[in-house]
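Right, one structure below, let's go through it.
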Amino acid sequence: MPDVLTKEQRRKNMQHIRSENTQIEVLLRKALWKKGYRFRKNYKQLPGKPDIALTKYKIAIFCDGEFFHGKDWEVLKPRLERGNNSDFWISKISRNRERDDETNKRLLFLGWTVIRFWGNDIRKHTDECVKVIEETIFDLKTENLEVERE
């Protein structure tokens, strides 16, 4: 049987959830720094305040937690409907997902490339996440060379 927390215990847990410098962000930033990439963290000049912004390449990177950003929403939503405070959580996560889409569109409109990683992917496959970023950089460099030739 799952542990049932009092309102005060739940409140204390929720207060300690961070929005910046999360474990997954730090893990990915360290891997990028080690590879020689320099970046801005929690870049306030851009919509959505990307967790990592490679300004040189106009790449905005977000490190999304599975629960709060609704990974596998079709599976998670019915589970939430059976849980406590379901209306609140469904509304909150739905709005987060909408906000993520709006942020992506605004950044694309500004000429930025958006990359989103799930927390577990960063934890378990950090090198592959870095590889995705490096491939994106390579593609952007290649595009820029083609444009310059025209």
If you count heavy atoms of other groups shown closer than 6.0 angstrom to CZ of R40, is the number above 12? no
For R123, which of T126, N120, D121 qualifies under side-chain hydrogen bond (donor to acceptor under 3.5 Å, both in side chains)? N120
Please check this pair: side chain of E25 against backbone of I52, looking for a donor-acceptor N/O pair closer than 3.5 Å. no
For V130 and A31, the nearest pair of non-hydrogen atoms, with its separation, is CG2-CB, 3.7 Å
Tell me whether I133 shares a hydrophobic cluster with W33, the cluster being built from Ile, Leu, Val, Met, Phe, Trp, Tyr side chains joined at under 4.5 Å. yes
Nearest 0.5 angstrom please: I122 CD1 to C129 SG, how far? 5.5 Å
Are F117 and C63 side-chain neighbours, meaning at least one heavy-atom pair lies under 4.5 Å? no
Given R95 and E98, is the salt bridge (Lys or Arg N to Asp or Glu O under 4.0 Å) satisfied, shown in steps? CA-CA 5 Å; R95 180 63 190 123; E98 287 170 18; 3.5 Å; yes
Would you say Q9's side chain and T6's backbone share a donor-acceptor pair under 3.5 angstrom? yes
Check for me, please, whether I115 and L107 land in the same ILVMFWY cluster - side-chain distances under 4.5 Å, paths through other members count. no
How about R106: does its CZ atom have over 12 heavy atoms from other parts shown lying under 6.0 Å from it? no
Do V114 and F62 have side chains that get closer than 4.5 Å, going by heavy atoms? yes
Hey, what do you get for CD (E143) to CZ (F138), rounding to the nearest 0.5 Å? 11.5 Å
By the side-chain hydrogen bond (donor to acceptor under 3.5 Å, both in side chains) test, which pairs, at least two apart or in different chains, include something from residues 77-91? none
Distance (rounded to the nearest 0.5 Å) between F39 CZ and I59 CD1: 13.0 Å
For R116, check salt bridge (charged side-chain N to carboxylate O under 4.0 Å, His left out) against everything at least two apart and list the hits. D64, D100
Within the structure provided, determine whether K141 and Y57 are in side-chain contact (heavy-atom separation under 4.5 Å). yes
Please determine if E102 and K105 form a salt bridge, counting it only when a charged side-chain N lies under 4.0 Å from a carboxylate O. no
Once you round to the nearest 0.5 Å, how far does CD of E135 lie from CD of E128? 10.0 Å
Closest non-hydrogen atoms of S94 and I90, given as atom of the first, atom of the second and distance, are OG-O, 2.7 Å
Please report the interatomic distance CH2(W112) to CD1(I61), rounded to the nearest 0.5 Å. 10.0 Å
Grouping I, L, V, M, F, W and Y whenever their side-chain heavy atoms are under 4.5 Å apart, do L76 and F88 come out in a common cluster? yes
What distance separates T55 OG1 from R38 CZ, expressed to the nearest 0.5 Å? 12.0 Å
Hey, quick one: are L46 and L54 part of the same hydrophobic cluster, counting side-chain heavy atoms closer than 4.5 Å, chains of contacts allowed? no
Under 6.0 Å from the NZ atom of K30, do we count more than 12 heavy atoms belonging to anything else shown? no
Would you say the side chain of W73 lies within less than 4.5 Å of the side chain of L80, judging by non-hydrogen atoms? yes
Taking the side chain as every heavy atom from C-beta outward, state whether Y37 and E134 have any atom pair closer than 4.5 Å. yes
Measuring only between side-chain heavy atoms, which start at C-beta, is I24 closer than 4.5 Å to W118? no
Side chains of N21 and K41 in contact at under 4.5 Å (non-hydrogen atoms): yes
